[in-house]
Novice: 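My questions all concern the structure below.
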Amino acid sequence: MSHRLPTRVRIVEVGPRDGLQNEQQPISTDLKVELIERLANAGIATIEAGSFVNPKWVPQMAGSDEVFRQMGRTPGVQYAALTPNLQGAQRALEAGASELAIFAAASEAFSQKNINCSIEQSLVRFKPVMELAHTAGIPVRGYVSCVVGCPYQGEVEPQVVAQVSRQLLDLGCYEISLGDTIGVGTPASITRMLDAVAEEVAIDLLAVHLHDTYGQAIANIYASLLRGVRVIDSSVAGLGGCPYARGASGNVATEDVLYLLDGLGIEHGINLQAVAEAGHFITQALGRPNGSRAGRALLAKSD
Ligand SMILES: CC(C)(COP(=O)([O-])OP(=O)([O-])OC[C@H]1O[C@@H](n2cnc3c(N)ncnc32)[C@H](O)[C@@H]1OP(=O)([O-])[O-])[C@@H](O)C(=O)NCCC(=O)NCCSC(=O)C[C@@](C)(O)CC(=O)[O-]
């Protein structure tokens with residue numbers, strides 16, 4: 001069990017997907033593309049650029065094909081797509097996604113609401129996705145939602161998270177992202193959960209995906225770093241929420257995470273000021289408040 005901070009962390013930017021999927025207003029493809037390009041220019045090496053789900057349930061992501069086709073690609077950047085099944089995976093690959101993400105849950109109730117099937121059925125649906133991705137030579141990331149709490153079921157047992165994580169790894173995912181979907185975790189519950197999962201999946205293969213609903217995300221990230229986690233999902237300007245978790249606020253803001261990492265002397269290879277400007281750009285365009293405190297502070301200083 002590590003209590004030493006890592007020297008380098010990889011950021012997975014989920015703003016263009018997780019951040020925007022819940023926006024009610026129409027967002028043009030051009031705007032999504034410009035956001036993605038700004039994030040890539042800032043030095044972010046993994047960007048979740050869209051999802052290929054049923055547009056009836058998540059209308060904002062209906063244009064993901066177009067986004068993937070229009071955006072300029074920066075060499076060395078992975079452009080990931082969230083895909084729930086073979087149909088989604090086929091569309092994502094046709095559109096040119098360089099990485100796929102499948103998503104399961106540690107709560108039966110959330111699995112049913114989110115993807116209309118049980119946890120076990122979801123794993124069966126993911127098999128052909130994995131086969132397709134394997135044949136195409138495309139890496140697949142696995143998400144587990146509700147790793148500490150579920151909006152429908154309440155507390156979630158760390159052992160269930162560990163078991164689903166192991167199953168996703170066995171399916172062939174290269175990394176497992178642990179989602180505190182409703183942001184209820186605290187350093188104590190996140191650490192307990194990570195310790196249970198680390199019994200099944202090496203800590204090097206784990207990422208944390210923490211929503212900031214209760215303002216605990218940065219503390220939870222620090223606790224995760226102390227446990228040896230080296231991959232953090234975040235969303236520029238703290239954009240987002242989950243359509244299947246009412247009241248859930250966005251992911252931890254990328255700018256806030258970068259500020260934390262800088263203060264700890266942990267390398268990340270990203271230009272924080274450029275991300276803050278991307279956050280300003282998108283929140284101005286959407287007419288919504290900027291959810292990053294570090295972003296707001298940096299922008300105020302550079303005015
Ligand atoms: C998963 C399904 C598709 C199952 O939905 P289903 O109804 O069980 O699927 P089905 O196979 O029975 O098909 C029903 C209809 O859906 C269509 N369909 C089927 N698949 C697709 C597809 N890929 N793309 C487009 N259309 C699709 C299919 O063609 C058919 O159309 P119809 O014949 O009725 O016209 C549905 O429930 C769905 O799309 N749910 C939305 C899930 C979602 O996007 N949730 C938000 C993202 S998850 C998240 O935010 C959490 C995460 C990852 O960030 C981590 C965290 O924070 O915890």
Side-chain angles (χ1 to χ4, degrees), residues 9-23 27 31-33 35-40 42-53 58 60-61 64 67-68 71 77-84 88 92 97-105 114 139-147 173-183 185 206-213 217-218 220-221 224 229-245 248-258 261 268 270 275 278-279 282-283 286 288 290-292 295:
V9 154
R10 183 166 65 92
I11 294 288
V12 175
E13 169 62 48
V14 296
R17 192 281 301 172
D18 204 359
L20 297 184
Q21 72 184 4
N22 209 28
E23 278 290 329
I27 306 176
L31 188 60
K32 291 177 183 167
V33 165
L35 175 63
I36 294 164
E37 290 176 351
R38 279 173 178 260
L39 294 166
I44 299 181
T46 310
I47 303 177
E48 208 170 73
S51 72
F52 293 83
V53 301
V58 188
Q60 193 56 260
M61 290 291 114
S64 287
V67 170
F68 271 88
M71 68 193 179
V77 174
Q78 285 288 71
Y79 295 94
L82 195 75
T83 57
S98 53
E99 177 172 324
L100 302 183
I102 54 177
F103 49 112
N114 192 32
V140 182
R141 196 168 194 248
Y143 278 106
V144 183
S145 283
C146 300
V147 296
C173 291
Y174 78 92
E175 181 172 284
I176 308 299
S177 176
L178 301 165
D180 182 8
T181 314
I182 52 172
L206 297 176
V208 288
H209 177 106
L210 305 171
H211 288 256
D212 201 23
T213 320
I218 285 289
N220 291 341
I221 285 170
S224 306
V229 170
R230 288 185 296 194
V231 185
I232 297 168
D233 296 5
S234 62
S235 175
V236 63
L239 294 175
C242 175
Y244 295 91
S249 64
N251 262 101
V252 64
T254 307
E255 301 90 313
D256 296 357
V257 177
L258 297 179
L261 296 176
H268 50 72
I270 297 167
V275 178
I282 188 66
T283 49
L286 297 175
R288 78 181 340 265
N290 187 330
S292 168

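Since this is a predicted model, take the numbers as computed values, not measurements. Position 1 is the first residue of the sequence; numbering continues from there.
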Novice: Going by heavy atoms in the side chains, are Arg288 and Leu239 under 4.5 Å from each other?
Specialist: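 Answer yes - side chains close enough.
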
Novice: Return the minimal non-hydrogen interatomic distance between Val67 and Val33, and the atom names on each side.
Specialist: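 Closest approach of Val67 to Val33, heavy atoms only: O-CG2, 3.9 Å.
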
Novice: Could you tell me if the side chain of Leu20 sits less than 4.5 Å from the side chain of Leu35, heavy atoms only?
Specialist: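 The answer is yes; the side chains approach within 4.5 Å.
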
Novice: I would like to know whether Leu206 and Val208 meet side chain to side chain contact (heavy atoms under 4.5 Å, CB included); could you show each step before the answer?
Specialist: CA-CA 7 Å; Leu206 297 176; Val208 288; over 6 Å; no

Novice: Work out which heavy atom in Thr283 is nearest to a heavy atom in Ala237; give both atom names and the distance.
Specialist: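 In this case the closest contact between Thr283 and Ala237 is CG2-CB, 3.7 Å.
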
Novice: With a distance cut-off below 6.0 Å to the six-membered ring centre and an angular limit of 45° from the axis, does Arg17 pair with Tyr143 as a cation-pi contact?
Specialist: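 Geometry flag: set, cation within 6.0 Å and 45°.
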
Novice: Identify the two heavy atoms, one from Pro16 and one from Met61, that lie closest to each other, and give their separation to 0.1 Å.
Specialist: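 Heavy atoms only, the tightest pair is O-CE, 3.5 Å.
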
Novice: Would the distance check show the side chain of His211 and the main-chain N or O of Ser249 forming a donor-acceptor pair, the cut-off being under 3.5 Å?
Specialist: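 Here the side-chain-to-backbone pair exists.
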
Novice: Return the CD1 to CD1 distance between Ile221 and Ile232, rounded to the nearest 0.5 Å.
Specialist: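 Answer rounded to 0.5 Å: 5.0 Å.
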
Novice: Side chains of Ile176 and Leu178, heavy atoms from C-beta outward: is any pair under 4.5 Å?
Specialist: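 The answer is yes, as the side chains (C-beta and beyond) meet within the 4.5 Å cut-off.
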
Novice: Taking side-chain contact (heavy atoms from CB on, under 4.5 Å) as the definition, give me every residue that meets it alongside Ser145, ordered by chain and number, with sequence neighbours left out.
Specialist: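 Only Ala105, Phe110, Thr181 meet the side-chain contact (heavy atoms from CB on, under 4.5 Å) criterion with Ser145.
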
Novice: For a side chain to side chain contact (heavy atoms under 4.5 Å, CB included) check, start with the C-alpha distance between Ser234 and Asn251, then their side-chain angles and the critical distance, and finish with the verdict.
Specialist: CA-CA 6 Å; Ser234 62; Asn251 262 101; 5.6 Å; no

Novice: Residues in side-chain hydrogen bond (donor to acceptor under 3.5 Å, both in side chains) with Ser292, at least two apart?
Specialist: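 Listed in chain order: Asp256.
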
Novice: Test side chain to side chain contact (heavy atoms under 4.5 Å, CB included) on Ile44 and Val77 and set out the steps.
Specialist: CA-CA 7 Å; Ile44 299 181; Val77 174; over 6 Å; no

Novice: Verify, without hydrogens or angle tests, whether Gln21 (side chain) and Gln60 (backbone) share a donor-acceptor contact under 3.5 angstrom.
Specialist: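 No; zero donor-acceptor contacts below 3.5 Å.
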
Novice: Any chance you could measure Lys32, atom NZ, to Met71, atom CE, to the nearest 0.5 Å?
Specialist: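 These two atoms lie 12.5 Å from each other.
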
Novice: Going by side-chain contact (heavy atoms from CB on, under 4.5 Å), name the residues that satisfy it together with Ser98, two or more places apart in sequence or in a different chain.
Specialist: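 In terms of side-chain contact (heavy atoms from CB on, under 4.5 Å), with neighbours along the sequence ignored, Ser98 is linked to Gln78, Tyr79.
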
Novice: Measuring from Arg38:CZ to Ile47:CD1, what's the distance to the nearest 0.5 Å?
Specialist: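 The CZ atom of Arg38 sits 13.0 Å away from the CD1 atom of Ile47.
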
Novice: Please name all residues satisfying salt bridge (Lys or Arg N to Asp or Glu O under 4.0 Å) with Arg141, sequence neighbours left out, ordered by chain then number.
Specialist: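 By the salt bridge (Lys or Arg N to Asp or Glu O under 4.0 Å) rule, Arg141 matches Glu175, Asp233.
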
Novice: So which atom in Phe68 and which in Ala80 form the shortest heavy-atom distance, rounded to 0.1 Å?
Specialist: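 That closest heavy-atom pairing would be CZ-O, 3.3 Å.
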
Novice: State the NE2-OG distance between His209 and Ser224, to the nearest 0.5 angstrom.
Specialist: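 Rounded to the nearest 0.5 Å, the NE2-OG separation comes out at 13.0 Å.
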
Novice: Is any side-chain heavy atom of Val12 closer than 4.5 Å to one of Arg10?
Specialist: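 With C-beta onward as the side chain, the pair touches.
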
Novice: Between Ala278 and Val236, what is the shortest heavy-atom contact and its length?
Specialist: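 Answer, listing the atom of Ala278 first, then Val236: C-CG2, 4.2 Å.
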
Novice: What pair of heavy atoms forms the shortest contact from Gly185 to Asn220, and how long is it?
Specialist: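 So the minimum-distance heavy-atom pair works out to O-ND2, 3.0 Å.
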
Novice: Got a second to check how far Thr83's OG1 is from Ile102's CD1, nearest 0.5 Å?
Specialist: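 Atom-to-atom, Thr83:OG1 and Ile102:CD1 are 7.0 Å apart.
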
Novice: Who pairs with Glu13 by side-chain hydrogen bond (donor to acceptor under 3.5 Å, both in side chains), at least two apart in sequence or on another chain?
Specialist: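 By the side-chain hydrogen bond (donor to acceptor under 3.5 Å, both in side chains) rule, Glu13 matches Thr254.
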
Novice: So, taking the atom named CD in Glu48 and the one named CG in Asp18, what distance separates them when rounded to the nearest 0.5 Å?
Specialist: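 These two atoms lie 7.0 Å from each other.
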
Novice: Contact between Leu31 and Ile282 at the side-chain level, heavy atoms closer than 4.5 Å - yes or no?
Specialist: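 Yes, close enough: below the 4.5 Å cut-off.
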
Novice: Does any N or O in the side chain of Thr213 come within less than 3.5 Å of the main-chain N or O of Ile182, such that one atom is a donor and the other an acceptor?
Specialist: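 Yes: the side chain of Thr213 pairs with the backbone of Ile182.
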
